[in-house]
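Working notes for the structure below.
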Protein chains: 2
Amino acid sequence: MTEQPAQTTTAGDPATARGEQTRQLIRDTAMRLFRERGYAQTTMRAIAQEAGVAVGNAYYYFGSKDHLIQEFYAQSQVEHRAAAQPVLDREEAFGPRLAGVLHAGIDVLTPSHGFAATFFKTAAEPTSPLSPFSAESSGPRQAAIDLFGEVLTGSTAKVDAELRPQLPELLWLAYMGVILYWVHDRSPGQTKTRQLIDGAVPLIDRLVALSRLRVLRPVTRQVLDLIRTLRH
Amino acid sequence: MTEQPAQTTTAGDPATARGEQTRQLIRDTAMRLFRERGYAQTTMRAIAQEAGVAVGNAYYYFGSKDHLIQEFYAQSQVEHRAAAQPVLDREEAFGPRLAGVLHAGIDVLTPSHGFAATFFKTAAEPTSPLSPFSAESSGPRQAAIDLFGEVLTGSTAKVDAELRPQLPELLWLAYMGVILYWVHDRSPGQTKTRQLIDGAVPLIDRLVALSRLRVLRPVTRQVLDLIRTLRH
DNA sequence: CGCCCTTCTTGAACGTGTTCAACTACCGAT
DNA sequence: ATCGGTAGTTGAACACGTTCAAGAAGGGCG
């Protein structure tokens, strides 16, 4: 939080132009080694050596080994958005759109299941800037929430007016739940996670539809009030 | 997993009689320092020094620094059970019983909020034996699930026959969710978590009651089938 | 060209969790 | 009492993430 001189890029980021190349080199090398050996087995010394730089240089661009994970998150988010596009173009109904986007997220993550799982623990630490709930990762998080916003806006689903503004974030939360399950999923090819998505989506779909029923209005209200209370 | 000679205690535990004293000394010292300084700030060297033993001795009893956390879990579980007893004796209705037991759990954890939060990340790592889902912590986990079984069996609630056997584990899962929220709860005194409990319990109560309705039977079935599929 | 300032780079050094070969204390059997 | 083996204990050594003082590279300006 020291004051920075004027920069062309966002504050706090030391990357202007000269070092951008090195930054990417280190990042790509790290990602490769993470995939090859796993997170814990990849040492900062190994990353530096493979990238042909000094250890300290990696720390000039990334505050810690954990911060390299954030790069992985950001990268995954972008890939997720891209993989979801065909689904959003193709499907119109809420259920298939949601299922498609959830499956796309797992598709993107699947090649990294082995090592991604081991470092999702870091994301669970509340104090860590890597937590999906933290301010520091609000960028990727908002992008993800927006993606679920698109699932909703582009669909033909009729949603309770009060629920609608909350729903994208709730769907994102459900996605976090899916990921939590996926991380622990030891079934071959993580087929169980696929079953979770296919089983849960119709339930969510039905629940969203039911929220408009007059009889259930009080319950819907109650739930939404609770959520509003609990949000930050 | 080397074969052990006959022991008076459970297998795999090097504590017979002579070392039990040292074991407890190290454990208690560690717990005290964790509370005083936090988990990350407490070094194994500090624990050893304060306990008056060599560093390696701590590793004779506890495989790693993380394993000391498991002691904390076990201890908390026992305290939770004890704190829940008055509630189970006093309350008869399902809702108050559940709320009481959940509050009791948070009561027990509250003094450790500062440091407990930081190491719950370790619990989130799937490969870690410290995960609440792991085989290694099946003992405390089962004890916790049984506690929610008592919430149910001692209550006057009428529960769908198919749901009943699954419910204790589901309630435990909900409790894990409460803890996850609590860990991230930055509100003073974690009052938000209390609101979560008070807000969610009536919903769960209503949901459980509704599960017996004929109209909702197909949904109940669908949910239970999904859960059965996903369990292990 | 020479100067200065910022950006970038270096690698030795620090503190950490963890390991391990050596050692000591205890206890039952001879 | 002596021996032998297991349980318990030691602290130096190792590999790791991280820090930091020192320097190199680059570029704008006289």
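Here is how names work: the chains are called A, B, and so on, in the same order as the sequence lines, proteins then strands, and each is numbered from 1. Note that the structure is a prediction, hence the values are computed from the model and not measured.
The A/T43 side chain lies nearest to D/dC16 when the options are D/dT18, C/dT9, D/dC16. When distances run from any side-chain atom of B/V55 to the nucleotides C/dT18, C/dG11, C/dG17, the shortest one goes to C/dT18. When the nucleotides D/dG11, C/dT10, D/dA7 are ranked by their closest atom to the side chain of B/Y60, D/dA7 comes out on top. The A/M44 side chain lies nearest to D/dT18 when the options are D/dT18, D/dG11, D/dC16. Closest to the side chain of A/Y59, from the set C/dC8, D/dT19, C/dT18, is D/dT19.
One interatomic measurement links the two molecules: OH of B/Y61 to C1' of C/dG17, which rounds to 20 Å at whole-angstrom precision. Rounded to whole Å, atom P of D/dC16 lies 19 Å from atom NZ of B/K65. The nearest whole Å value for the distance from the CG atom in A/N57 to the P atom in C/dA12 is 15 Å. Residue B/Q49 contributes atom CD, which lies 13 Å from atom P of C/dG17 at whole-angstrom precision. As rounded to whole Å, 13 Å separates atom C1' of C/dT16 from atom CG of B/D66. Computed from coordinates, the B/Q21 CD to D/dA7 C1' distance equals 15 Å when rounded to whole Å. What separates CZ of B/F62 from P of D/dG8 is a distance of 13 Å, to the nearest Å. A/I47 has its CD1 atom 13 Å from the C1' atom of D/dT18, to the nearest Å.
Backbone-only engagement by A/V53 is indicated by non-hydrogen atom pairs under 4.0 Å involving sugar-phosphate atoms exclusively.
At a cut-off of 3.5 angstrom, the base of C/dG15 holds no donor-acceptor pair with the side chain of B/R45.
No side-chain N or O of B/S64 forms a donor-acceptor pair with one of B/D66 less than 3.5 Å apart.
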Hey, mind stepping through A/F72 and A/F34 against ring-ring contact (aromatic ring centres under 6.0 Å, His included) and telling me if it holds?
CA-CA 10 Å; A/F72 177 82; A/F34 285 168; 8.3 Å; no
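Contact of the B/L171 side chain with the B/I204 side chain is registered, since non-hydrogen atoms from C-beta on lie closer than 4.5 Å.
Within 6.0 Å of CD in A/Q75 there are more than 12 heavy atoms belonging to other residues, nucleotides or ligands.
Judged by closest nucleotide on DNA chain D, B/T22 is the one of B/T22 and A/G56 placed further toward the 5' end.
Formation of a donor-acceptor pair under 3.5 Å by the A/Y181 side chain with backbone atoms of B/L230 is found in this model.
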